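Please read the structure below before turning to the comments.
Throughout, protein chains are lettered first and strands after them, A, B, ... in sequence-line order, and every chain is numbered starting at 1. Only a predicted model underlies this, so the values are computations on that prediction, with no experimental measurement involved.
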Protein chains: 2
Amino acid sequence: MLYAVFMSASPPSLPEPQGLTGEPELLQVSTFTDEPCLRADAARNRARLLEAAARLIAEHGAAGVTMEAVAAAANVGKGTVFRRFGDRTGLLTALLDHSSRKLQADFLGGPPPLGPGAPPLERLRAFGVAVLYRSAEQLDLQLAAQPDPARRFAHPSVGALTTHVTVLLRQIEPDADCDLLARTLMSYLDPALIHHLTQQCGMPLERLEAGWSDLVARVTRTEPVARPH
Amino acid sequence: MLYAVFMSASPPSLPEPQGLTGEPELLQVSTFTDEPCLRADAARNRARLLEAAARLIAEHGAAGVTMEAVAAAANVGKGTVFRRFGDRTGLLTALLDHSSRKLQADFLGGPPPLGPGAPPLERLRAFGVAVLYRSAEQLDLQLAAQPDPARRFAHPSVGALTTHVTVLLRQIEPDADCDLLARTLMSYLDPALIHHLTQQCGMPLERLEAGWSDLVARVTRTEPVARPH
DNA sequence: CACCCTAACCGGACCACGGTCCAGTTTCTT
DNA sequence: AAGAAACTGGACCGTGGTCCGGTTAGGGTG
């Protein structure tokens with residue numbers, strides 16, 4: 001269980017300096033960068049908290065991650081958890097940060113078809129599949145980390161993905177209202193929807209995958225790719 | 001727990017009397033109907049509670065609708081509120097019930113283009129616009145009534161609308177995976193998305209409306225309707 | 001290197017709200 | 001009239017989130 005020991009959502013007065021991200025430049029799109037220099041004790045506590053949270057998730061599922069429990073498990077005061085992560089959503093988001101960055105790096109600078117080099121349409125298809133599988137893996141966490149409705153779309157992580165889709169769309173259908181279409185496509189990848197379709201409706205992931213392909217084709221007004229079946 | 005048998009938000013054996021809605025029969029599809037006979041005192045309290053809740057909303061917005069406050073304002077115990085409506089979501093949903101029923105009646109049995117009689121494609125377009133404007137009117141309530149992510153799509157009210165879209169789609173594109181496409185279309189109409197686009201991104205409703213039209217055209221692979229501008 | 005000063009950090013008491021429970025009361029039925 | 005089912009209300013609990021007096025790290029200074 002490897003989690004990212006850095007980054008998070010930041011509550012008040014967040015210094016947001018150059019960033020310690022050793023990644024190959026992620027443009028400014030890297031929505032997560034946090035303060036690079038925490039006081040030694042703070043950094044230590046932060047690491048402890050993330051570790052404790054991860055352990056709790058492993059043991060009791062995302063629902064078991066209670067702020068008090070995490071604080072206690074990390075031998076830290078409750079106030080500290082909130083100071084560090086802002087709120088529950090922030091903590092959960094921090095837990096997801098690692099895979100989030102990975103995905104972002106992949107489609108911004110990784111190998112085709114996800115990364116640059118492939119034609120936009122193919123990249124779009126690959127993108128959906130990648131997000132789909134990523135979400136499917138961490139469904140409960142992903143679900144629990146979802147902020148209240150009002151902030152759902154404002155969340156920076158969502159914003160980065162949406163922007164990427166918008167850019168790709170713009171290359172395919174320059175005359176369309178790509179912002180709106182991008183939102184629509186992103187909605188299809190909403191963890192809550194994935195959860196509902198797979199867990200509650202019992203659809204296999206393959207069907208969602210095919211659905212994505214089909215949706216992309218329709219939205220971009222391109223030919224459907226030949227389906228194996 | 002395998003069925004979605006009960007309605008608006010009923011915890012255990014929830015009677016939901018004719019109440020104060022004197023609507024004309026909504027077929028059985030009316031996902032909300034509850035058993036119509038509550039004990040006299042219960043019915044009286046229910047009405048009081050709804051009234052109190054509505055007043056609170058008018059005064060302090062949806063955020064001010066606290067279960068305790070509603071109970072107090074209705075001169076009723078807190079337990080009563082929960083017994084009647086199950087949970088906060090249930091109460092808020094009940095508040096929306098009236099317009100919800102109206103919408104449902106309109107597209108199930110009203111005049112074209114919303115109701116039967118018009119070609120499916122036109123009905124679909126009209127449907128989106130109707131939902132769009134309805135949501136825009138009651139945005140905060142609509143938002144506050146949104147249940148936690150896990151139940152969002154399971155909610156009967158959403159189910160009814162989705163089914164309707166599915167049926168229409170099936171008449172237009174019989175060979176497609178209409179269930180999936182319907183979900184996608186419905187996502188576009190999610191109150192949370194509407195809120196974000198209009199309030200946070202400052203898009204005018206007209207643009208969303210045009211976006212719906214365009215989206216429908218693309219998804220159904222039909223010609224875009226001529227836009228006035 | 002020892003000291004000090006301040007900003008940053010810590011912890012846990014405290015609050016509000018959603019939700020549960022159950023002893024007591026009211027309504028309906030026969 | 002009397003019994004059973006349904007309803008009531010408020011005490012109670014757990015959790016997310018706030019607050020603030022006390023503590024500590026660590027850079028500047030002599």
Between B:Leu92 (CG) and C:dG19 (C1'), how many Å, whole number?
15 Å

Presence of salt bridge, B:Asp148 and B:Arg151, under 4.0 angstrom
yes

Taking the nucleotide of DNA chain D with the nearest heavy atom to each, does B:Glu68 or B:Asp41 sit closer to the 5' end?
B:Asp41

Would you kindly give the CZ-to-P distance between A:Arg44 and D:dT24, to the nearest whole Å?
11 Å

Would one find a side-chain N or O of A:Asn45 under 4.0 angstrom from OP1 or OP2 of C:dC9?
no

The nucleotide from C:dC10, C:dT27, D:dT15 with an atom nearest the side chain of A:Arg84 is C:dC10

So for A:Arg39 and D:dT24, does any side-chain atom that can act as donor or acceptor lie under 3.5 Å from a complementary atom in the base?
yes

Can you tell me how far C1' of C:dG12 sits from CZ of A:Arg83, to the nearest Å?
15 Å

Please give, in whole Å, the distance from D:dT15 C1' to B:Asp148 CG?
15 Å

With a 3.5 Å distance limit and no angle check, can you tell me whether B:Gln199 reaches the backbone of B:Ile194 through a side-chain donor-acceptor pair?
no

Of the listed nucleotides (D:dA25, C:dG18, C:dG12), which one gets closest to any side-chain atom of A:Lys78?
C:dG12

Considering only heavy side-chain atoms of A:Thr66, the closest of D:dC7, D:dT15, C:dA7 is D:dT15

Any salt bridge linking B:Asp41 with B:Arg46? Criterion: basic side-chain nitrogen under 4.0 Å from a carboxylate oxygen.
no

If I take atom CE in residue A:Met67 and atom P in nucleotide C:dA16, what distance separates them, rounded to the nearest angstrom?
20 Å

Within the side chain of B:Arg123, is there an N or O that forms a donor-acceptor pair under 3.5 Å with the backbone of B:Phe107?
yes

From C:dT20, C:dC28, D:dG17, pick the nucleotide closest to the side chain of A:Phe82?
D:dG17

Please tell me which of the listed nucleotides, C:dC28, D:dA25, D:dG17, lies nearest to the side chain of B:Ala40?
C:dC28

For residues 125-136 of chain A, which residue pairs pass the side chain to side chain donor-acceptor pair (under 3.5 Å) check, not counting sequence neighbours?
A:Ser99-A:Arg134, A:Tyr133-A:Glu209

Intra- and inter-strand pairs of DNA chain D in dot-bracket (Watson-Crick or G-U wobble, both distances under 3.5 Å; | for another strand)
||||||||||||||||||||||||||||||

Using distance only, find each side-chain donor-acceptor pair of residues 180-192 of chain B under 3.5 Å and give its atom names and separation, not counting sequence neighbours.
unit_1, atom_1, unit_2, atom_2, d
B:Thr184, OG1, B:Leu180, O, 3.0
B:Ser187, OG, B:Arg183, O, 3.1
B:Tyr188, OH, B:Leu208, O, 2.8
B:Tyr188, OH, B:Trp212, N, 3.4
B:Asp190, OD1, B:Gln146, NE2, 3.4
B:Asp190, OD1, B:Ala192, N, 2.8
B:Asp190, OD2, A:Arg152, NH2, 2.7

Touch class at under 4.0 angstrom, heavy-atom based, for A:Arg88 against every strand present:
sugar-phosphate

Taking CG from B:Asp87 and P from C:dG19, how many angstroms apart are they, rounded to a whole number?
5 Å

How many Å lie between CG on A:Leu49 and P on C:dC9, as a whole number?
13 Å

Does a nitrogen or oxygen in the side chain of A:Thr80 sit under 4.0 Å from OP1 or OP2 of C:dG11?
yes

Could you point out which residue of B:Asp97, B:Leu95, B:Thr89, B:Leu96 forms a side-chain contact (heavy atoms from CB on, under 4.5 Å) with B:Thr93?
B:Thr89

B:His164 and its side-chain contact (heavy atoms from CB on, under 4.5 Å) partner, picked from B:Thr162, B:Thr166, B:Leu168:
B:Leu168

Nearest whole angstrom, please: distance from the P of C:dC17 to the NE2 of B:His60.
12 Å

